[in-house]
Participant: 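Following this message is one structure expressed as structure tokens.
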Number of protein chains: 2
Amino acid sequence: MKLKILAKVDSLDTQKSIISKIGELINFKNLEPGDKLPSERMLSEKFEVSRSNVREAIQKLELYGLLDSIPQSGTFVANIGVIAMNGMIEDILRLEDPDFKSLVETRILLELKTVRLASLRRTEEDLEKIKEALDAYSEKVLRGEDAVQEDLLFHLAIARASGNSIMNNFMLIITPEIITNFEKYHVCDKKLANLSISEHQDIFEAIKKQDPKLAKQKMKDHFTVLYQYCYNIKKST
Amino acid sequence: MKLKILAKVDSLDTQKSIISKIGELINFKNLEPGDKLPSERMLSEKFEVSRSNVREAIQKLELYGLLDSIPQSGTFVANIGVIAMNGMIEDILRLEDPDFKSLVETRILLELKTVRLASLRRTEEDLEKIKEALDAYSEKVLRGEDAVQEDLLFHLAIARASGNSIMNNFMLIITPEIITNFEKYHVCDKKLANLSISEHQDIFEAIKKQDPKLAKQKMKDHFTVLYQYCYNIKKST
DNA sequence: ACTTATAAATTGGTTAACCAGATTACAAGG
DNA sequence: CCTTGTAATCTGGTTAACCAATTTATAAGT
């Protein structure tokens, strides 16, 4: 009964094909920044797909900042020339599904930065939120319960305190997949959880003291375990 | 005639309100990972919004990995418990629009990493692609033309060679906004462009030699100029 | 000729009916 | 009581007609 997933893959394929065709069209018509694309209706007719499919493709390209759709007016190519447009569309179509290794790599990179920024920029309110997340985590671990969610919320609270909305956004994007992978590979063992409490506390204290170097180091220590698991999984698969 | 934009803001507001209500509903009904959400029709009726609005909100939550919509079956909450769900939805709703400073900070962070990974993992094909992008950039600069697009494509080629699909994806997301901001603030001056050619070449050579340390350093040098512009803009605004 | 006023056509967004696959309920058969 | 077959129902996806705001074309006035 894997047919469910197949339907989604199929839908993604048509979306990719539409994106590709929109790219070709921009090339063919030499559309420059600010120019108007043909209407959704015309595109759906030209590409022989449903209009809703066209809309979804446009929405995706809007997400990547390549198009800008304005109600009752039209869809316009963003302030990006044809050359960059071509390159980016090609890259978007080539994008592979994220693997666990990429996930961990990216997470560590982001968190070593957000913790540093958080220690420099955190407000009192940020600090309170982090403390709340820390306490919620500790309590649950001490009760012997699984606390993967509280763990990640602690890290997200730091990301928010970093004052960098993009890194915060990126952390939000990768967090769910981290949670599912953690549970899948049983990364968060209960023996480790007790150790993690003090590690979390150290991180919190460093942020409180506004010591960026210490904060980064404590986060690095915290991730040492994760590194190992990452490599173990890499070897075993 | 700023009404165009207002329509979009309004639409985003209703989307946020729907996301918030979905969150409340998951709480109220104590829905756990794998549980099924009410159908789109019921939600649209309950929330008194159009079904397409509901669909868009669900799609957004799907993007953040919180929901999973399966054709002809239903929408399911992802492998994330109520606690993480609450925290993440709250964070998603709070997300601010990215500012230029965040953009530059994130770009530098990502690129110092991707260039390192690229120097370690690049295939021969990757190297060729990077070389092509480099040549395209150099040619255009030497002809005295604006080459912001080719500049960014060079950096994207490196991101692709990094072998980390998530960082590659993130680079793609922030690139268009970098381009528009560059053109807005005239960051890429023509005097700088000539200097940048040799900097790009240095980066390329380091990747070719598979020297991660050198690659990172050369990228850092390349960004020195950008740093300065960032602070200038910060001061002037 | 140029501006202004007005009507027709075009646009993205919305709505409601419809579709095919998936699920559920239930009855028949063992 | 359990399995199995079947029909009714429910689901996300698709389609086509419709909407209001916008843009364009056209005509009127000066």
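Lettering follows sequence order; numbering is per chain, from 1.
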Participant: Within this structure, what is the CD-to-P distance between E56(B) and dG13(D), rounded to whole angstrom?
Facilitator: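 Interatomic distance, CD of E56(B) to P of dG13(D): 13 Å.
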
Participant: Restricting to salt bridge (Lys or Arg N to Asp or Glu O under 4.0 Å), what partner residues turn up for E56(B), sequence neighbours left out?
Facilitator: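 Here no residue qualifies.
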
Participant: Looking at R121(B) and E105(A), is any side-chain nitrogen of the basic one under 4.0 Å from a carboxylate oxygen of the acidic one?
Facilitator: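 A salt bridge is present here (some side-chain N lies under 4.0 Å from a carboxylate O).
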
Participant: For T75(B) and S69(B), work out which heavy atoms get closest and say how close.
Facilitator: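 The answer is OG1-OG, 3.4 Å.
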
Participant: Can you tell me how far the CG atom of L103(A) sits from the CE atom of M167(B), to the nearest 0.5 Å?
Facilitator: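 Separation between the atoms: 10.5 Å.
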
Participant: Show the distances under 3.5 angstrom between N or O atoms of the protein and N or O atoms of nucleotides 10-12 of chain C.
Facilitator:
unit_1  : atom_1 : unit_2 : atom_2 : d
dT11(C) : OP2    : S39(A) : OG     : 3.4
dG12(C) : OP1    : T75(A) : N      : 3.3
dG12(C) : OP1    : T75(A) : OG1    : 3.3
dG12(C) : OP2    : E40(A) : N      : 3.0
dG12(C) : O4'    : Q72(A) : N      : 3.1
dG12(C) : N7     : R41(A) : NH2    : 2.7
dG12(C) : O6     : R41(A) : NH2    : 2.6
dG12(C) : N2     : Q72(A) : NE2    : 2.8
dG12(C) : N3     : Q72(A) : NE2    : 3.2

Participant: Which whole-number value in Å describes the distance from N53(B) CG to dC19(D) P?
Facilitator: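 Atom CG in N53(B) sits about 18 Å away from atom P in dC19(D).
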
Participant: To the nearest Å, how far apart are Q59(B) CD and dG13(C) P?
Facilitator: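 Atom CD in Q59(B) sits about 13 Å away from atom P in dG13(C).
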
Participant: Please report whether the ring centroid of Y137(A) lies less than 6.0 Å from that of F154(A).
Facilitator: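 Judged by ring-centre distance (under 6.0 Å), F154(A) and Y137(A) do not meet the cut-off.
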
